[in-house]
Amino acid sequence: MTLPAFDHDRPTGLAEAVAAVRAGGVPYCGGTELLATMQMGLLRPERLVSLQRVDELLGIDVENDMLRIGARTTIHAMALSEGVRASSPLLAHVAARIGNIRVRTTGTVGGNLASSGGFRWGPPRRFSCLTTVLIALEAQAVVGDGSSERSLTVDTLISCPYETDLQASELLLRIEVPVRTADVGVYHKATVAERPLVGVALVHLAHRDVWRLVIGAVGEVVLVAEFEKLADIAAAALSGEVATLLGLSGSDAYKRHLTRVTIERCCEDAQRRIREGQ
Amino acid sequence: MSRHMVSTTVNGVPVEREVPARRLLIDFLRDDLGLYGTKLSCGMQVCGACSVLVDGQPTSSCTYLAVDVGGREVTTVEGLAHGEVLSPVQRAFVEETALQCGFCTPGFIVSVTALLEETMDPSDEEIRDYLGGNLCRCTGYGQILAAVRTAARIAKDERADG
Amino acid sequence: MDERRVVGRPVTRTDAIEKVTGRAKYGVDLEWPATLHGVVVRAERAHALISRIDTDAVLLRRGVVAVVTHDDIRSLFGAFGHHRPDHAILAHGRVRYWGEPVAVVLAESREFAEDAVEDVIVHYDDLQPLMDVKSAMAPDAPLIHELQPETGEPFGPCLAGQSGTNEAFTCSMGWGDVDAALARAPHTVTTRTSYPMLYAYAMEPYTAQARFVDKNLEVISGAQHPFQVQRDLARVFDITLNRVRISSPFIGGGFGSKSYTKIEPLAAVCSWAVGGRPVKIVLDVEESMYTTRSDSAEVAVTTGFDLDGRILARDIRIVLDTGAYADNSPTVLQSAVRGSYGPYRIPALRVSGRAVMTTTTPASSYRGFGALQTGVATEANLDRAAAELGINIFDLRIRNVVDRGEEIFPGARPMDADLAENLRMVQQKLTITPSAGLLQGMGFSLAAKAGGANPTSSAIVRLLSDGSAILLTGSAEMGQGSRTVLTQIVAEELGLEMEQVTIAQSDTLATPFEWTTGASRTTAIAGLSVQRACQDVRRQVLELAAELRDEDPGDWEWADGALLGPGLQRRTPREVLAEWFHGSGELIGTGRTQLRNDIGQMPAFWEIGMVGVVAVINERTGQVVIDQLVTLADVGCAINPAGLHGQELGGAMQGLGAALFEELVYDGPQIVNANIAEYRVPRISDLPRRVEHLVVERGDGIGPYGAKGAAEGPTAAVGAAIVGAVSQALKGPVDRVPLTPERVWTLLSTSMRDR
């Protein structure tokens with residue numbers, strides 16, 4: 001399975017990486033998504049930029065009730081990180097269940113988001129478990145070119161890449177997840193073959209006292225809705241709202257059905273958690 | 001189409017080779033270094049036959065660039081035994097007859113090695129979860145599951161023996 | 001029974017160390033010096049005439065040496081096929097399925113060949129694609145093969161189908177007045193099911209390399225049946241068999257998908273086209289899916305019963321979609337017909353089978369074929385009857401199974417197993433723990449497969465001067481453990497340790513003829529020829545020992561690897577050889593089996609598939625989980641028990657995949673799930689929590705120590721058991737597999753509505 005030929009840069013710092021990307025290189029880190037897309041013949045870049053030696057993109061830390069995870073962090077490292085487990089158990093839980101072990105040890109947070117949203121290199125695949133849960137957690141994506149940086153919500157970055165005015169030189173540096181220990185969060189997904197057919201995150205945001213529900217994977221657009229009460233979540237109605245992607249994994253009716261079941265599971269799980277918490 | 005010098009360590013041995021940027025790690029190992037133990041099957045990170053360790057982490061070498069192992073340590077199935085002394089995982093696979101055609105076996109051995117590095121005494125649930133990305137078409141997995149338990153026991157005994 | 005030292009004991013697989021260290025070499029790991037790499041240009045039409053192939057641009061690409069098309073091999077016999085040589089090596093003016101090889105680009109490296117392949121432009125004139133049986137049998141359908149045998153002419157073990165149609169071949173059997181018996185029967189049940197196209201997913205995709213050395217052809221491939229490939233290739237080049245060498249190193253899984261000829265001719269004609277230079281072709285999974293698949297089947301069964309559940313008559317109709325070329329499908333159809341009705345006593349039977357060609361991937365062998373495709377219909381039919389007559393599924397079968405010694409069809413080997421007793425053993429192991437809100441069902445299935453194929457086998461055992469031995473056998477090692485089992489037999493027979501026996505396998509130059517490695521034959525058939533070769537060696541050593549002492553060979557006997565003679569003489573083979581040959585020499589023993597004398601009847605043995613399962617259905621998602629799996633292997637003698645367990649579970653899990661997940665999906669002209677992410681095979685997480693393998697050893701097989709074959713039975717039987725369990729849970733019929741979550745959800749919704 002030979003890849004088409006390309007040039008390659010392996011910068012050792014952010015400034016170098018930004019320069020390489022500005023020159024037209026396509027950034028990647030593990031390659032689990034980008035190289036796979038290339039192997040399928042869906043993308044044929046002339047130059048790749050490996051971010052594997054850009055240490056500015058590494059690191060997990062918690063400060064001022066904010067969990068910061070560098071874009072180069074692997075999914076596996078995130079799942080095992082004590083910091084992530086303590087400050088956002090839901091995120092750690094979801095990370096531990098993405099793909100298979102090799103996808104988790106090689107794939108990174110940045111690559112996962114990039115492949116979900118298609119903001120860096122397309123075509124967008126679908127809303128990954130990680131993006132779905134990050135949107136539910138009201139996470140921010142910090143992008144920058146080494147001299148300046150700015151924050152976007154993950155939702156904006158992934159869902160509306162054309163509105164973000166993302167510059168070619170701006171790399172995803174890290175994600176920032178508010179640490180809110182009073183929140184209750186659950187995630188469920190339904191998988192028939194290799195990739196999840198639907199993923200649903202449900203988080204009670206204590207500071208606003210709302211239930212934030214995010215439905216990913218099943219449609220081209222992520223569905224975000226907020227409810228005052230858990231009982232207000234109408235799984236059947238919501239599953240009617242998703243525009244399912246065509247594909248082999250199931251008919252529209254079945255995908256809607258699984259969406260409904262997965263929402264219901266989240267609600268039941270959340271209910272149980274609240275009961276147990278009391 | 002750039003060519004790059006890759007300086008890496010494979011099975012503990014420093015290696016330097018010039019490769020084109022697009023050379024996949026699996027082709028680098030097999031064709032450039034003659035390490036044929038790593039196998040290509042599905043070619044899309046699903047089956048695990050091409051698993052190797054990069055800095056100790058299981059990696060699909062079919063979807064990984066050789067240039068990206070520069071400065072890192074790669075371990076293939078050939079690097080697990082010490083001379084003729086098999087690793088605990090290898091011994092367990094032999095003991096439990098946890099292989100048939102053997103084409104998936106190097107990938108399983110590499111993955112189980114990484115699993116036991118991370119979790120000394122995994123539960124059946126953890127084994128099933130961790131090995132979900134390694135396919136075997138011959139054994140039906142029963143003897144593989146037994147081999148993982150046996151490997152954990154052998155490794156524990158060896159640690160106890162010093 | 002003699003005390004056995006090696007047979008039936010736990011032994012280490014003789015290939016285990018090589019395989020866990022990565023040292024084991026498969027075809028894909030081998031390469032001759034100066035090898036050219038071939039990448040196949042494949043048809044991007046299901047059915048079309050080739051008007052032109054542009055190759056000029058590709059020849060200018062870096063590293064490209066040649067492009068081979070049918071035009072380059074016109075002087076050769078450009079087709080293969082053991083039943084009928086209709087399978088074009090390179091498309092000859094016409095493509096008959098998407099993915100058919102049209103040309104091969106040969107380059108100095110695989111990278112160069114892959115880069116260049118896009119520059120081969122094939123121009124087509126479209127023909128009407130015939131993607132399923134219905135369109136292929138429409139009155140105005142074009143013929144996929146213009147050259148057809150006359151209706152009813154022999155076509156392998158079948159008869160040629162209706163001339164002028166795409167019906168390729170037919171096969172039927174039966175006895176008694178079925179219509180009358182069905183009309184009179186107090187209870188009849190009709191079942192119809194669809195069985196999907198499957199891909200074996202042997203984890204090593206197809207690979208073959210070929211070269212000519214002094215006008216002799218050498219091929220290394222993953223062929224299960226090198227001697228069958230040899231015959232096809234000798235015809236291609238019009239050379240004698242001695243000049244064609246096919247060898248199979250370790251094979252990365254076969255399951256029937258590497259039986260007979262596959263891509264070996266492609267590599268061979270490419271090598272021929274470049275003056276004999278080595279050419280290596282390695283396919284990926286997608287290409288492998290377009291190389292062969294299993295026959296899909298539509299099966300309709302009507303069975304008449306008396307009110308006690310005894311079968312009065314069965315009427316079975318089978319239609320196979322056999323794809324673009326015949327390959328082994330005539331044998332598949334015959335097996336489907338003979339394997340469809342089960343090892344039951346049936347007063348009146350009519351089975352009619354037909355195989356229809358379509359413009360899809362050619363179908364051929366797949367583990368358990370025959371009963372595999374038909375059992376989900378015919379066994380489900382018995383389950384329905386059991387439910388409707390209020391008889392338990394086990395009792396209904398016990399009332400109908402044949403006894404030991406009874407024939408399943410006239411002229412066949414009588415049943416060589418105690419089915420009722422076996423069945424009770426499985427029944428006793430199966431348990432459902434009732435649990436509120438859990439939708440569960442129990443299923444059981446029985447299949448009888450004709451084992452052994454044509455039982456022609458030969459073996460050579462060389463007893464070396466130091467008493468150790470070398471076994472030469474044509475049978476292949478594809479994971480099933482033949483290397484270990486055959487070594488055990490030699491060690492047992494010659495009183496040696498396993499380490500004192502070396503084996504050379506599956507090389508037409510070095511090893512003797514073996515019909516095939518398939519049909520669960522190796523332990524029983526190849527094992528028997530190996531045992532006979534050992535006995536021949538023993539006879540010779542005894543003769544030499546006696547002659548050296550001027551005694552009667554009858555006074556000498558073999559005991560525990562030594563020779564005992566008159567007057568308490570005890571000599572080792574080594575001493576005898578040293579004395580006889582004045583130093584060193586060796587004895588060569590040969591063994592042979594064939595369809596004569598003691599294996600004078602087909603099949604050589606009955607392979608019984610007997611599987612019970614408990615299935616749990618998730619009512620919300622439709623997902624089916626197999627909670628308990630019980631298999632029974634009636635093997636006569638388990639020579640390598642650990643190997644047998646692995647084969648049984650592996651076989652069952654493969655059939656479980658077909659029952660729950662696996663299906664090649666055509667949507668339009670091509671397969672839309674030609675990859676392992678979307679063609680979902682069983683994973684470790686699908687392994688049932690409760691697994692039991694029962695092994696029955698009654699020493700009643702024709703093989704060594706009374707052995708019979710195993711490990712296709714569970715593949716063939718498990719699907720019907722799962723279907724039975726799911727229909728029991730859903731209280732309704734299941735009409736197709738795989739039982740994907742969506743299909744079960746649909747069935748659930750229907751059964752809810754109906755309630």
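Reminder, nothing fancy here: chain letters follow the sequence lines and each chain counts from 1. Just so it is clear, the model here is predicted, and its values are computed rather than measured.
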Enquirer: Quick check for you: to the nearest 0.5 Å, what is the distance between C:I17 atom CD1 and B:R91 atom CZ?
Expert: 10.5 Å
Enquirer: Does any backbone or side-chain atom of B:L35 lie under 4.5 Å from a heavy atom of chain C? Answer side chain, backbone, both or neither.
Expert: neither
Enquirer: With chain B as the partner, which of C:D284, C:N640, C:V20, C:L656 has the greatest number of non-hydrogen pairs under 4.5 Å?
Expert: C:V20
Enquirer: With chain B as the partner, which of C:Q647, C:E648, C:Q480 has the greatest number of non-hydrogen pairs under 4.5 Å?
Expert: C:Q647
Enquirer: Contact part of B:T139 toward chain C, heavy-atom cut-off under 4.5 Å: side chain, backbone, both or neither?
Expert: backbone
Enquirer: At under 4.5 Å between heavy atoms, what parts of residues 682-691 of chain C are in contact with chain B? List them by residue number.
Expert: C:P682, C:R683, C:I684, C:S685, C:L687, C:P688, C:R689
Enquirer: Among B:C138, B:C42, B:C47, which one satisfies side-chain contact (heavy atoms from CB on, under 4.5 Å) with C:M203?
Expert: B:C47
Enquirer: For residues 113-121 of chain B, run the donor-acceptor check on the side chains, cut-off 3.5 Å, and write out each pair with its distance to 0.1 Å, sequence neighbours left out.
Expert:
{"from": "B:T113", "atom 1": "OG1", "to": "B:I109", "atom 2": "O", "distance (Å)": "2.6"}
{"from": "B:E118", "atom 1": "OE1", "to": "A:H76", "atom 2": "NE2", "distance (Å)": "2.7"}
{"from": "B:E118", "atom 1": "OE2", "to": "A:H76", "atom 2": "NE2", "distance (Å)": "3.4"}

Enquirer: Who pairs with C:R9 by side-chain hydrogen bond (donor to acceptor under 3.5 Å, both in side chains), at least two apart in sequence or on another chain?
Expert: C:E3
Enquirer: Looking at chain B, which one of C:G643, C:G651, C:A642, C:G646 has the largest number of heavy-atom pairs inside 4.5 Å, strictly under?
Expert: C:G646
Enquirer: Between B:V77 and chain C, which part of the residue has a heavy atom less than 4.5 Å away: side chain, backbone, both or neither?
Expert: both
Enquirer: If you count heavy-atom pairs under 4.5 Å between each of B:E95, B:Q45, B:E96, B:M44 and chain C, which one has the most?
Expert: B:M44
Enquirer: Within residues 27-35 of chain C, which positions have a heavy-atom distance to chain B below 4.5 Å?
Expert: C:V28, C:D29
Enquirer: Could you tell me which of B:T105, B:T97, B:L99 has the largest number of non-hydrogen atom pairs under 4.5 Å with chain C?
Expert: B:L99
Enquirer: Please flag which part of B:L86 lies under 4.5 Å from any non-hydrogen atom of chain C: side chain, backbone, both or neither.
Expert: side chain
Enquirer: With a 4.5 angstrom heavy-atom cut-off, which part of B:R137 approaches chain C: side chain, backbone, both or neither?
Expert: both
Enquirer: Run the numbers on B:D31 and C:E111 for side-chain contact (heavy atoms from CB on, under 4.5 Å), then give the verdict.
Expert: CA-CA 12 Å; B:D31 301 337; C:E111 284 174 357; over 6 Å; no
Enquirer: Can you tell me how far the CD atom of B:Q100 sits from the CD atom of C:E477, to the nearest 0.5 Å?
Expert: 9.0 Å
Enquirer: Against chain C, label B:E125 side chain, backbone, both or neither, depending on which of its atoms sit under 4.5 Å from a heavy atom there.
Expert: side chain
Enquirer: Rounded to the nearest 0.5 Å, what's the gap from OH on C:Y26 to SG on B:C101? Could you check?
Expert: 5.5 Å
Enquirer: Can you tell me if C:E204 uses its side chain to pair, donor with acceptor, with the backbone of B:F103 under 3.5 Å?
Expert: no
Enquirer: Take a 6.0 Å sphere around NZ of B:K156 and say whether it holds more than 12 heavy atoms from other residues, nucleotides or ligands.
Expert: no
Enquirer: Look up atom CZ in B:R22 and atom CG in C:D115, then write down how far apart they are to the nearest 0.5 Å.
Expert: 4.0 Å
Enquirer: Between chain B and each of C:E18, C:K25, C:E662, count heavy-atom pairs under 4.5 Å; write down the option with the most.
Expert: C:E662
Enquirer: Below 4.5 Å, heavy-atom pairs only: which of B:L135, B:V46, B:V89, B:L145 has the largest tally toward chain C?
Expert: B:L135
Enquirer: Is the CD atom of B:E84 crowded by more than 12 outside heavy atoms at less than 6.0 Å?
Expert: no
